[in-house]
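Structure, as structure tokens:
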Amino acid sequence: MSNISIAVGQCGLQICDSTMSVIYRGPDYEPPRPPSSSKRSKRGGEIVTSHQSLSPSSPPVGTVQRAMFHQSGRARAVFVDSEPRVIANLQADPRRPWISSSGAGIAHETSGNGNNWAQGYLQSSKLVKRTMELIRKEVESCDWYRGAILYHALGGGTGSGTGTRIASNLRDEYTKCGIVSACLAPSATS
């Protein structure tokens, strides 16, 4: 069972990045144990079973990681922004193996939407088309696609305008799969 994460806009990228960091290195890790790795010994009359440690080249993979990451460690994700700056900063950091340095799963344009919902919604048809193509490729690589997690903000611009349009297209394209919208709503007091 697989999920796809879709991060839209600067806020969506940052929220998704933080989530991926927790999941990638999180407490759900289940270190794989080969069947022949246990040894039994007798200490003071009781039988003690110990497991040999695995080599560092085999990363631990838990249930959540299998659902959200490819075997290579790259996230089952699409990263979208109307400007390349934030994505480029995330790609350049070697501590983020879930973001492809080669550009796989990344869609961006050259200029932002300036906190304008209408501009993000109405002028993003090319970006949404590229994003839906990347989502289709991720869905095809899943063993059993169950749904998407859409990370975005509602304050205006790419996350709210383009994010809304992507959510609408997802609903139309994948009618039987769920969409979880992890969004940040602005507040005047905090």
Side chain to side chain contact (heavy atoms under 4.5 Å, CB included) partners of C177, counting only residues at least two apart: Y145, Y174
Determine, stepwise, if the pair R146 / N3 fulfils side chain to side chain contact (heavy atoms under 4.5 Å, CB included). CA-CA 6 Å; R146 296 301 299 147; N3 301 314; 4.0 Å; yes
Evaluation steps, side chain to side chain contact (heavy atoms under 4.5 Å, CB included), between S5 and M20: CA-CA 9 Å; S5 298; M20 292 293 169; 3.1 Å; yes
Please list all pairs passing the ring pair (Phe, Tyr, Trp, His ring centres under 6.0 Å) test where one or both residues lie in residues 82-103, with sequence neighbours left out. Y24-W98
According to side-chain hydrogen bond (donor to acceptor under 3.5 Å, both in side chains), who are the partners of T19, at least two apart in sequence or on a separate chain? none
Before giving the answer on side chain to side chain contact (heavy atoms under 4.5 Å, CB included), spell out for I6 and I149 the whole-Å C-alpha distance, their side-chain angles and the decisive distance to 0.1 Å. CA-CA 6 Å; I6 305 163; I149 304 169; over 6 Å; no
Run the side-chain hydrogen bond (donor to acceptor under 3.5 Å, both in side chains) test against R74 and tell me which residues pass, sequence neighbours left out. H70, E138
Note: D143 and S2 closest approach over all heavy atoms is OD1-OG, 2.8 Å
Nearest atoms (heavy-atom pairs only) where A167 meets I179: O-CD1, 3.9 Å
In short, salt bridge (Lys or Arg N to Asp or Glu O under 4.0 Å) pairs touching residues 87-99 with sequence neighbours left out are D17-R96, D93-R95, D93-R96
Any salt bridge (Lys or Arg N to Asp or Glu O under 4.0 Å) pairs touching residues 158-175, not counting sequence neighbours? none
Flag side-chain contact, heavy atom, 4.5 Å: L184 against L154: no
Just how far is it from atom CD of E83 to atom CD of Q10, taken to the nearest 0.5 Å? 7.0 Å
How long is the span from the CD atom in Q91 to the CZ atom in F79, to the nearest 0.5 Å? 9.0 Å
May I ask whether V80 and V139 are part of the same hydrophobic cluster, defined by side-chain heavy atoms of I, L, V, M, F, W, Y residues being less than 4.5 angstrom apart, directly or through others? yes
Would you check if L170 and I135 make a side-chain contact, meaning some heavy-atom pair closer than 4.5 Å? yes
Side chains of D81 and V8 in contact at under 4.5 Å (non-hydrogen atoms): no
Which pairs count as side chain to side chain donor-acceptor pair (under 3.5 Å) when at least one residue sits in residues 123-135, sequence neighbours excluded? E133-R136
By salt bridge (charged side-chain N to carboxylate O under 4.0 Å, His left out) - contacts of E109 (at least two apart): none
Mind jotting down which residue pairs meet the side chain to side chain donor-acceptor pair (under 3.5 Å) criterion with at least one end in residues 148-164? Sequence neighbours excluded, please. S82-T158, N113-T158, H152-S181
Inter-residue atom distance L150.CG - I4.CD1, 0.5 Å rounding: 12.0 Å
For the pair I106 and I99, evaluate side chain to side chain contact (heavy atoms under 4.5 Å, CB included) and give the outcome as yes or no after the intermediate values. CA-CA 9 Å; I106 295 173; I99 299 177; 4.1 Å; yes
